[in-house]
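Heads up, the thing below is written out as structure tokens.
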Amino acid sequence: MQKSLPLVTDIVKVFAPAKLNLFLHVIGRRPDGYHLLQSVFTLVDYGDHLEINVRDDGHIRRRNVIAGVPAENDLAIRAAVALKAAAGSQLGADISMQKRTPMGAGLGGGSSDAASVLIALNQSWKLGLPDAQLKKIGLSLGADVPFFIQGRSAFVEGIGELQTPVVVPPWWYVVVTPKVHVPTPFVFTHPDLTRTTPTVKIEDFSATGLANYRNDLQPVVLKAFPEVASGLALLSAASQKSLFGARMTGSGASLFAAFESESDAREAFQKLSPKITGFVARGLEKHPHL
């Protein structure tokens, strides 16, 4: 008897946008070693593209190779496995990715991929799980995943799991990523890291006042990684029309500057050396899935 092939449905295409930390303050440290943060996350219209096929044999597979990331460590695959276990689904999926967001650059690429897989498979597997449950599954994968499921600019607190929607204008951004890997644990365990920045009240936050905020991780990274310091100097020099100067996002190595208009952003980007890897993107009011 001929063995039947697994059913594979039509391709579901999903966009996984990158994010920026418009500021990042470290306000304390928990007894378990995790740092208490305050930040504002916003999405941009640049990111990874995923294609997902539902399988009826229960297998979850990655269809393409991603250099340096074994499938079992890929957050997108781990998200599918976690959702399958939480929902008790008998279905599976083939997942392929066109990676554009630089990995390990503070832009949330892996977390966004994971969130997009949770959202897409919740629909394709017809699970009907509420966002609150998807966020709980996402949090088990990484502190940033629930933000991408919520899908709107947010004032972020705690270790990243507490999020309150805020309004960020649809600015344009120049984002550059120096060719260096900045290990997040190195930054957060560094003795020179500022951990006592005064707290900010969310009701006092205004995106137009971002010049008064900073990234507390930036001084540590600039001192330890000359490539990031050089990139920041070049971006700052090219971004005289920016709204609040150039700064680092997350724990680096990516850097960004915000602009009122696309023309100002592209003018700044053109001033940079062609050797600098980066892109111009517009801020998103909400995730495309909303």
Side-chain angles (χ1 to χ4, degrees), residues 6 8-9 11-19 32-34 41 43 47-151 156 158-163 181-185 188 250-251 287-289:
V8 180
T9 65
I11 294 174
V12 176
K13 296 185 178 182
V14 188
F15 178 58
K19 63 90 177 166
D32 61 6
Y34 281 95
F41 290 179
L43 299 169
D48 299 338
H49 293 272
L50 286 71
E51 293 186 350
I52 301 174
N53 299 78
V54 173
R55 302 173 61 97
D56 69 352
D57 61 1
H59 292 300
I60 295 172
R61 296 174 176 168
R62 192 176 69 185
R63 297 174 60 191
N64 61 309
V65 175
I66 299 176
V69 184
E72 62 271 18
N73 294 341
D74 191 322
L75 277 178
I77 301 301
R78 290 175 56 198
V81 171
L83 180 64
K84 179 179 171 69
S89 176
Q90 299 302 306
L91 297 174
D94 286 335
I95 301 172
S96 61
M97 283 170 278
Q98 178 190 353
K99 291 292 295 181
R100 293 203 305 165
T101 304
M103 292 185 288
L107 298 172
S111 295
S112 186
D113 293 342
S116 291
V117 166
L118 291 174
I119 293 163
L121 287 180
N122 186 44
Q123 296 172 353
S124 296
W125 287 349
K126 297 180 170 53
L127 302 177
L129 301 183
D131 280 358
Q133 192 167 351
L134 292 182
K135 288 180 181 180
K136 184 177 180 180
I137 297 169
L139 185 59
S140 71
L141 300 166
D144 288 351
V145 180
F147 161 73
F148 289 101
I149 294 172
Q150 178 170 295
V156 178
I159 62 171
E161 82 284 11
L162 304 175
Q163 300 159 17
H181 174 65
V182 179
T184 300
F188 276 105
S251 58
H287 195 292
H289 81 267

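Computed from a predicted structure; not experimentally measured.
Scanning all heavy atoms of the two residues, the minimum distance from L43 to G151 falls at CD1-O, 3.7 Å. Considering all non-hydrogen atoms of both residues, A115 and I149 come closest at CB-CG1, 3.8 Å. Here the closest heavy-atom approach between residue A16 and residue L50 is recorded as CB-CD1, 3.9 Å. The heavy-atom pair separating F148 from A18 by the smallest distance is CE2-C, 4.3 Å. Here the shortest heavy-atom pairing between P146 and G138 reads CD-C, 4.2 Å. Counting all heavy atoms, side chain and backbone alike, A79 lies closest to A114 at CB-O, 3.6 Å.
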Identify all side-chain donor-acceptor contacts of residues 98-110 below 3.5 Å with residues at least two apart in sequence or on another chain.
from, atom 1, to, atom 2, distance (Å)
K99, NZ, D48, OD2, 2.7
K99, NZ, D113, OD2, 2.9
R100, NE, G47, O, 3.0
T101, OG1, D48, OD1, 3.4

Can you give each donor-acceptor pair under 3.5 Å made by side-chain atoms of residues 117-131, sequence neighbours left out, with the distance rounded to 0.1 Å?
from, atom 1, to, atom 2, distance (Å)
N122, OD1, G128, N, 3.4
N122, OD1, L129, N, 2.9
N122, ND2, L129, O, 3.1
S124, OG, A120, O, 3.1
W125, NE1, G92, O, 3.1

Please list every donor-acceptor pair under 3.5 Å in which a side-chain atom of residues 83-91 meets a protein atom from a residue at least two apart or in another chain.
from, atom 1, to, atom 2, distance (Å)
K84, NZ, S89, O, 3.0
K84, NZ, L91, O, 2.9
S89, OG, L91, N, 3.1

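Using a 4.5 Å heavy-atom cutoff, the side chains of R61 and R55 are in contact. Proximity of S116 to H287: side-chain heavy atoms (C-beta onward) are separated by under 4.5 Å at one or more points. Contact annotation: the side chain of D74 approaches that of M97 to within less than 4.5 Å [non-hydrogen atoms, C-beta and beyond].
Here P185 pairs with P183 under the side chain to side chain contact (heavy atoms under 4.5 Å, CB included) rule; sequence neighbours left out. For H49, the ring pair (Phe, Tyr, Trp, His ring centres under 6.0 Å) partners are F15, not counting sequence neighbours.
Not one N or O on the side chain of S96 forms a donor-acceptor pair closer than 3.5 Å with the backbone of N64. A donor-acceptor pair is defined here as one N or O able to donate and one able to accept, closer than 3.5 Å; no such pair exists between the side chain of D94 and the backbone of N53. Side chain of E161 to main chain of G158: no donor-acceptor pair is present (N/O by atom type, distance under 3.5 Å, no hydrogens or angles).
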> What's the verdict on side chain to side chain contact (heavy atoms under 4.5 Å, CB included) for I77 and I95, showing C-alpha distance, side-chain angles and the deciding distance?
Replying inline: CA-CA 8 Å; I77 301 301; I95 301 172; 4.0 Å; yes
> Do L134 and Q150 pass the side chain to side chain contact (heavy atoms under 4.5 Å, CB included) test, and can you show the C-alpha distance, the side-chain angles, and the key distance before you say yes or no?
Replying inline: CA-CA 10 Å; L134 292 182; Q150 178 170 295; over 6 Å; no
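Contacts classified as ring pair (Phe, Tyr, Trp, His ring centres under 6.0 Å) and involving residues 57-103 (residues at least two apart or in different chains) are not found.
To the nearest 0.5 Å, atoms CD (Q163) and CG (D144) are separated by 8.0 Å.
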